[in-house]
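Encoded as structure tokens, the structure appears first; notes follow it.
Only this structure's heavy atoms are used, side chains among them; waters, hydrogens and symmetry mates stay out. Naming convention: chains lettered A, B, ... in sequence-line order (proteins, then strands); numbering from 1 in each chain.
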2 protein chains.
Amino acid sequence: MTQKARGKKTSSGQRREESLSREQIIAAAIELLDTSGENGLTFRALSEQLSTGPGAIYWHITDKGDLLTAACDGIVARTMNAAPIKPNATPQASIRLLALAMFDAMDEHPWVGSALTGARGHSPMVRIVEPIGRQIQALGVPKKQHWITVSTLLNYILGVGGRNAANGQYGRAHGLDRSDFLEAVSAEWLQLDPKEYPFVRSLSVPMRTHDDRRDFLAGIDLILRGIDTSHKRFASKNV
Amino acid sequence: MTQKARGKKTSSGQRREESLSREQIIAAAIELLDTSGENGLTFRALSEQLSTGPGAIYWHITDKGDLLTAACDGIVARTMNAAPIKPNATPQASIRLLALAMFDAMDEHPWVGSALTGARGHSPMVRIVEPIGRQIQALGVPKKQHWITVSTLLNYILGVGGRNAANGQYGRAHGLDRSDFLEAVSAEWLQLDPKEYPFVRSLSVPMRTHDDRRDFLAGIDLILRGIDTSHKRFASKNV
DNA sequence: CACAATTATGGAATGCAGTTCCATATGCGC
DNA sequence: GCGCATATGGAACTGCATTCCATAATTGTG
């Protein structure tokens, strides 16, 4: 109704020479996320980087969740495609390789860990489940157990990713690098009541000195052992 | 909203008869989270429920993250304390029981799953690690492996919690109950390209029919089997 | 070629959230 | 009674996602 004195000319500038595309936007979002962290992705910053307004972005993207999922999906897709699975490797080795690829991706792009958890559609998930699932098949796991076996691996991977993302964010927010952070947590644990938290206190040293990547893999191996023993009756050829 | 005659007197009303306390605030926050979901917790809603202003809350709480962590910690604390561990149960049974208790808590309070991942301090984590760790000790796992063993279990539990929380939120946002949601995802998976996603498509049925709680436990068991076989040389008494 | 209709664009406006500010109250030690 | 630390609560500030809208380019149609 009342058009009160809003500027007469809203769009005075020339139009961009090359049009926006969903892909461009997602690429810019990934760059922003990588350089400025999860909180760095705002429609304002994104607008500026693409020299446009927020409105234009919404023509290609439904909303921020969509954008985040798409960015996450992009990383996961290129990660899984790039994973160099060798045809003659054991299924176990392949699963380790796939899992490590995801770990490294989430380590390099810390926001992926949390984006994955909240991903809207399911395409990122599906991209992970498929190749791992094939190896589980190759492992000879009976069909009835496919579901829980992939679920377990996936949930573990997502758990690690989420936690690393949270730790990283905490560290960055407080200006601590990884070792400062671990040091701080380790100290905090040592100060717990010895009566109530003897076990946690005993973890103070490993907390300070552990290697995330190695331990992630150790967890995968532990789960793989659990899988292996669960269908011994089927395994005819071991490696 | 209606800004009523913002007079010169900012605080005209009487002071509350009983003072606010951190505990009251956290309790109110938990109630809000339970009834209105993760997005229901705002300082405005909280202020109203406590019939005060946002400023008063900030006297007791440093920040929203603090509040969320505290609420989460409250649930975790009561959950772990209430878990009826029997002294003569096997360590495996006790771990299952503890894990299930967490699952049920996260199922009843869906926001806990995501709050746990982003928890600021580490008290909620510590509350889970301690009792599980003791059972791992009781299991005879060598000290060197304590760290990765608890980590694996914890990460798995966090992963499941986070994913359930995300799924629930998605469902609620789209007005789907659990079975509608599973049906939708299952259908989505069936429409994937059979060449590219044969395995995922084969999971379409279990996706539709699975039982979260049962499968969570199956994952725990799978991990427990992996733990068991990793230190056979120590195990003298099995159950 | 004219001329609608559709597709895009981008800047302003909206609304809501976390957080800070500040004018005040209340209790407590002296 | 007086001054100080402890609380309180409402308004104001800031920054965000999202929507609105006046337009510009492009496409289709006679």
Salt-bridge test for A:Asp73 and A:Arg120: reply yes if a basic N is under 4.0 Å from a carboxylate O, no otherwise. no
Is the closest basic N to carboxylate O distance between A:Asp212 and A:Arg163 below 4.0 Å? no
Could you tell me how the ring of B:Trp111 sits relative to the ring of B:His109: parallel (under 30°), tilted (30 to 60°) or perpendicular (over 60°)? perpendicular
Heavy atoms from C-beta onward define the side chain here; which of D:dT18, D:dT8, D:dC16 lies closest to that of B:Ala56? D:dT8
Using whole Å, report how far [atom1] of [X] lies from [atom2] of [N].
| X | N | atom1 | atom2 | value |
| --- | --- | --- | --- | --- |
| A:Ile57 | C:dG11 | CD1 | P | 11 Å |
| B:Tyr58 | D:dT14 | OH | P | 16 Å |
| A:Glu48 | D:dG15 | CD | P | 14 Å |
| B:Arg44 | D:dT14 | CZ | C1' | 12 Å |
| A:Leu20 | D:dA25 | CG | C1' | 14 Å |
| A:Gln24 | C:dG10 | CD | P | 11 Å |
| A:Arg22 | C:dA8 | CZ | P | 14 Å |
| B:Ile61 | D:dT8 | CD1 | P | 12 Å |

Distance-only, no hydrogens or angles: does the A:Glu183 side chain make a donor-acceptor pair with backbone N or O of A:Arg208 under 3.5 Å? no
Do any side-chain nitrogens or oxygens of B:Trp59 fall under 4.0 Å of OP1 or OP2 in D:dA7? yes
With a 4.0 Å limit, can you tell me whether A:His60 has a side-chain N or O closer than that to the phosphate oxygens OP1/OP2 of C:dT9? yes
Which part of the nucleic acid does A:Leu46 contact within heavy-atom distance under 4.0 Å: base, sugar-phosphate only, or nothing? nothing
Classify the nucleic acid contact of A:Leu41 as base, sugar-phosphate or nothing, counting any heavy atom under 4.0 Å across all strands shown. sugar-phosphate
Counting the benzene-type ring for Trp, do A:His174 and A:Phe181 have ring centres under 6.0 Å apart? no
Of B:Asp63 and A:Gly55, the one whose nearest nucleotide on DNA chain C sits closer to the 5' end is A:Gly55
